[in-house]
Amino acid sequence: MGFISYRQKTKLDVLLQKLSYMSRSQRSIVKKGYHLAEDAHKFQQRLSGEPYVIHPLNVALILADFRLDYEAVCAGLLHDVLEDTEIQESYLRSEFGENIANLVKSVTNISVLKNRSKKKRAADNIRKLILASVRDPRVILVKLADKLHNMRTLKYQPEHKAKRIAIEALDIYAPLAGRLGIYKIKWELEDICLSFLYPRIYKLLKQKVSEKKSIRDNRIKALSSILSEKMKGEKIKATIEGRSKHFYSIYQKMKSKGRTFDEIYDLSGFRILVESKSDCYKALGVVHTLWRPLPGRFKDYIAVPKSNGYQSLHTTVIGNDGNFIEIQIRTTEMHFVSKYGIAAHWSYKTSHEELLKHFHLFDHIAALNENNNALEFMQELKESLSDDEVYVFTPKGEIMTLPSGSTILDLAFRIHTELGLHCAGAKIGSRLVSFRTQLKNGDQIEIITNKEITPSERWIEFLKTSQARSKLRSWLRKENKKKIIHKQSSEKTGNIVRLPGNLAILCEAAGDKNISEYQIADCCRPLPGVDIAGYRTRQAKVLIHSRTCSHFLALMKNNGGEEQLISLKWASSLGPFMATLEISGEDRPLLLLDMIRIITLSGAHILESSVVIKNIQIEAFYKLEVDSIDILNNIGDTLEKLSGVFSIERSCEPGFFESFSL
Ligand code: MN
């Protein structure tokens, strides 16, 4: 006992030492936070067997490395007390003030959604995280620090759980950190994930890197001595450092470019740190006089920073021995920002508004339609998190940044929906191009529209961004509805309301003339077999929700919500209906074949399928026609037992159930 508390004390001392940038009174509030956390968690342990307080303490240490303010560090210490202990929010408020209490509450809120499938929960959590971060960006920093420490201690989780957590971290949290410019966290997360997902590759890389270390160090020493001498001659104060790639990026480059370890690793990398922006360009001049630059490899992220705020000059030159050398040139301040991203801005005391301007991510995601389903949302999020982007200019010289691979049509939809819907092509300089043309860095683009033009289904192929796709889809849906509305009216027999797609519900209120439409709610799109309920909207529509849908539950909590409740249940289907399955699993040999065998042997027809394989995860999507709900249940149950399958989501075919008049 004495031993453990001795060790904790030491760690608290380490924390307090790191906080030398704070005032004495701020440090004492942090200390108070620590003691509360220690006391509140005193009966809890981490999976490692250590006292629980080790976790919040480490989270605070990470935040202290980022030089965050005392409120954030304190929130790091207290981030788990509301969820896991008896401590009440009101107590935090009175003892630590509004700001700290609000931070802790926002971080807690992110993980307490129950009752939903894993994927929806993940999507909702991330959405909440981002919305909360618009109000206070420190929320995302505390959450990332929390994630990082949990990942550092991932080995205490059972293996299958550890793998799932690693996949989520690699999919969401690492890119999120990257998008916020916090490369320090991104890289550590990625390496931890690699070690869990591909332990053999990780070990191999580690071994190879250590074998080659001394050769590499010598080469870098030789090159940097040539360089520093020249710099001195030009009177540029510069620090030159070798730059090692982290394991995951070596692995990714080997995989994506089909290169061997030696080819990737032999590329020497340097970083030149100077004092001012103009010195960056002077240093570039020196480098290019010493060695010939490789054409097409120069990038000026100082003049045009990445949308996460990253600034640097990048160039690749051909060394005297014929080997390529990658060089980054930046100021020390830019370098600090490149490691700590949004957090660096925080410690530079940039105002909130100024800060958020750097990170369009927030307004982009905050503006995402609430009704987007989980898959669309995650897709959109992953796109917005992608580091790989292309920037173009509007005729007014405004910079627009889109995921690379985006087309003119994507750009048109990004600027304005109307522009997208009537896009005829574009002018790049004096050239006329079709709207399918992919954007290239630095193009200045003027969208040309024509009111006569209206979109067709085929346009979807030309769109890369899911934002544009969903705008287009919703337009197409509305158009289709106009056409269908007259043909397809529901038939009422007794209490049965017939829905499109051979589905039907039983509803007491079926005869109610005041109800204009029945519609499957877009947020949960329940399938037969799921418990459902209706909610009467102000427009006299009845939206059919799953009973566990969080939107529905929220509606029921509202004042008068209960009065809008209409009880319904599924009638047996009137014939074949369509369903979608989203299956995520581990990319193991034959998994896809097994899935298809199970589905077709059960008698369902696959109408459409698509598969995305990323890292080691498979995301398969099937659109099926099934004759009965029993068949669908059977398929679901069998797939769930398949080895390597993580989760299955079932829903109605999106867009299939349009609302219709009675
Ligand atoms: Mn935690």
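Reckoned from all heavy atoms, side chains included, excluding hydrogens, waters and symmetry mates. Position 1 is the first residue of the sequence, and the numbers go up from there.
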### Check ion pair K186-E190 (N to O, under 4.0 angstrom)
yes
### Message
Could you check whether any side-chain heavy atom of E333 comes within less than 4.5 Å of a side-chain heavy atom of Q311, counting everything from C-beta outward?
### Response
no
### Message
Is a donor from one side chain sitting under 3.5 angstrom from an acceptor on the other, for R330 and S338?
### Response
yes
### Query
Does the separation of the ring centres of F247 and Y251 fall below 6.0 angstrom?
no
### Interatomic distance, I408 atom CD1 to I445 atom CD1 [nearest 0.5 angstrom]
4.0 Å
### Query
Roughly how far apart are R292 CZ and T316 OG1, rounded to 0.5 Å?
13.0 Å
### Query
How long is the span from the CG atom in D279 to the CD1 atom in I329, to the nearest 0.5 Å?
10.5 Å
### Message
Using a 3.5 Å distance criterion without hydrogens, assess whether the side chain of Y248 forms a donor-acceptor pair with backbone atoms of E188.
### Response
no
### Task
Identify the two heavy atoms, one from H416 and one from E418, that lie closest to each other, and give their separation to 0.1 Å.
ND1-N, 3.0 Å
### Query
What distance do L194 atom CG and H246 atom NE2 have between them, rounded to the nearest 0.5 Å?
9.0 Å
### Query
Looking at F413, is K471 sitting on its ring face, NZ or CZ under 6.0 Å from the six-membered ring centre and within 45 degrees of the normal?
no
### Query
Does atom CD of E211 have more than 12 heavy-atom neighbours, drawn from other residues, nucleotides or ligands, at distances under 6.0 Å?
yes
### Task
Return yes if a side-chain donor-acceptor contact under 3.5 Å exists between T407 and D410, otherwise no.
yes
### Salt bridge present between R138 and D69 (N-O < 4.0 angstrom)
yes
### NZ on K206 to CG on L204, rounded to 0.5 Å
12.5 Å
### Query
Out of curiosity, C193 SG to K163 NZ, how far, rounded to the nearest 0.5 Å?
12.5 Å
#### Entry: Shortest non-hydrogen contact between L63 and G76, atoms and distance
CD1-CA, 3.9 Å
#### Entry: For the student: nearest non-hydrogen atoms of L463 and A468, plus distance
CD2-CB, 3.7 Å
### Query
Which heavy atom of C74 sits nearest a heavy atom of G33, and at what distance?
SG-CA, 4.1 Å
### Query
Has K427 got more than 12 heavy atoms of other residues, nucleotides or ligands less than 6.0 Å from its NZ?
no
### Nearest non-hydrogen partners of G319 and W291, listed with the distance
CA-CD1, 3.9 Å
### Message
Restricting to non-hydrogen atoms, name the atom on A303 and the atom on D300 that form the minimum distance, rounded to 0.1 Å.
### Response
N-OD1, 2.9 Å
### Query
What class does the angle between the rings of Y310 and H314 fall in, given that below 30° is parallel, 30 to 60° is tilted and above 60° is perpendicular?
perpendicular
### Name of the residue among L148, D146, L154 meeting side-chain contact (heavy atoms from CB on, under 4.5 Å) with N150
D146
